[in-house]
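Sequence positions, counted from 1, serve as the residue numbers for this chain.
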Amino acid sequence: MMHRPSAPELLKPGQSYYSLVVAVAKRAREISQIADESHEILIEKPVKMAVEDFSKGRYKMIESPDIGVIKEKEITSADSTDLDEVGVDNLI
């Protein structure tokens with residue numbers, strides 16, 4: 001039986017769990033799409049194959065240096081008209 005790596009084993013210091021989940025999901029979707037296009041039947045699940053790709057170093061996750069940084073945006077008059085159309089009461 002193959003060792004199933006846990007998320008902390010796959011993450012380097014400072015990398016986010018969320019980014020790993022997104023990266024694995026994208027790779028799994030890519031694996032599935034390639035199999036569909038080549039009419040290949042997959043024996044293993046695409047997510048398991050994607051995790052294996054990351055654990056063996058065939059794929060690497062590269063995060064943006066500003067990940068997790070919330071950027072403030074100034075609300076303009078155009079934005080406030082959009083809020084009027086939706087109705088401020090619906091936002092609460």
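Distance alone, capped at 3.5 Å, places no donor-acceptor pair between the Ser32 side chain and the Ala28 backbone.
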Any chance you could lay out the side-chain contact (heavy atoms from CB on, under 4.5 Å) test for Glu9 and Phe54, step after step, and finish with the verdict?
CA-CA 10 Å; Glu9 291 176 322; Phe54 282 97; over 6 Å; no

Checking Asp53 against Val24 for the side-chain contact (heavy atoms from CB on, under 4.5 Å) test, could you report, in this order, the C-alpha distance in whole Å, the side-chain angles of both residues, the deciding distance, and whether it holds?
CA-CA 9 Å; Asp53 282 348; Val24 168; over 6 Å; no

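Taken from CD in Glu44 to CD1 in Ile31, the straight-line distance is 9.5 Å, to the nearest 0.5 Å. Between the CD1 atom of Ile41 and the CD1 atom of Ile43 there is a distance of 7.5 Å, given to the nearest 0.5 Å.
Follow the hydrophobic side-chain contacts under 4.5 Å out from Val47 and you reach Tyr17 in the same cluster.
Residues Met61 and Ser19 are in side-chain contact: their nearest non-hydrogen atoms beyond the backbone lie under 4.5 Å apart. At a threshold of 4.5 Å between non-hydrogen side-chain atoms, the residues Leu42 and Met49 count as touching.
Each of Lys26, Glu52, Glu30 was checked for a side-chain contact (heavy atoms from CB on, under 4.5 Å) with Tyr59, and the lone residue meeting it is Glu30.
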